[in-house]
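Side-chain atoms are counted along with the backbone in the values below, which use heavy atoms only and exclude waters and symmetry mates.
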Amino acid sequence: MQGIEPKLHTSLMGRMECFRALLQEAMDHSESQSSDILVKISELDELYDDYLLNKKNLENSIKNYREYHNDLRRKLTVRLRELRKKAKEK
């Protein structure tokens, strides 16, 4: 997560800042149409929702991997103990 999530976050934040600058510029111009501003706000909202969904999916993937890894480690530890016990018996 430490390698993937910051890249995704940085990319998204860069795009959001670009949209914010465009929105601010559009609001500064009196001739801009309000429908254009609403479209840009909608795009920004969709982009943020997409980011939250990706972040949630990434967190779930990491959680699932961690559980899988811990389960494998437990199984290997038990198997290793069995092998050591057998080796001592011989």
Under the side-chain contact (heavy atoms from CB on, under 4.5 Å) rule, collect the residues that match up with [X], sequence neighbours excluded.
| X | answer |
| --- | --- |
| Arg84 | Leu80 |
| Leu52 | Tyr48 |
| Ser42 | Glu46 |
| Glu89 | Lys85 |

Find the distance between [atom1] ([X]) and [atom2] ([Y]) and round it off to the nearest 0.5 Å.
| X | Y | atom1 | atom2 | answer |
| --- | --- | --- | --- | --- |
| Lys55 | Tyr51 | NZ | OH | 4.0 Å |
| Asp49 | Leu44 | CG | CG | 9.5 Å |
| Leu83 | Leu76 | CG | CG | 10.0 Å |

Just to verify, what does [X] make a salt bridge (Lys or Arg N to Asp or Glu O under 4.0 Å) with, not counting sequence neighbours?
| X | result |
| --- | --- |
| Glu67 | none |
| Lys75 | Asp71 |
| Arg66 | none |

Show which residues join Leu72 in its hydrophobic cluster (side-chain heavy-atom contacts under 4.5 Å, direct or indirect), or state none.
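Its cluster mates, by chain and number, are Tyr68.
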
Does Arg73 have any side-chain hydrogen bond (donor to acceptor under 3.5 Å, both in side chains) partners at least two apart in sequence or in another chain, and if so, which?
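With neighbours one apart ignored, the set is Asn70.
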
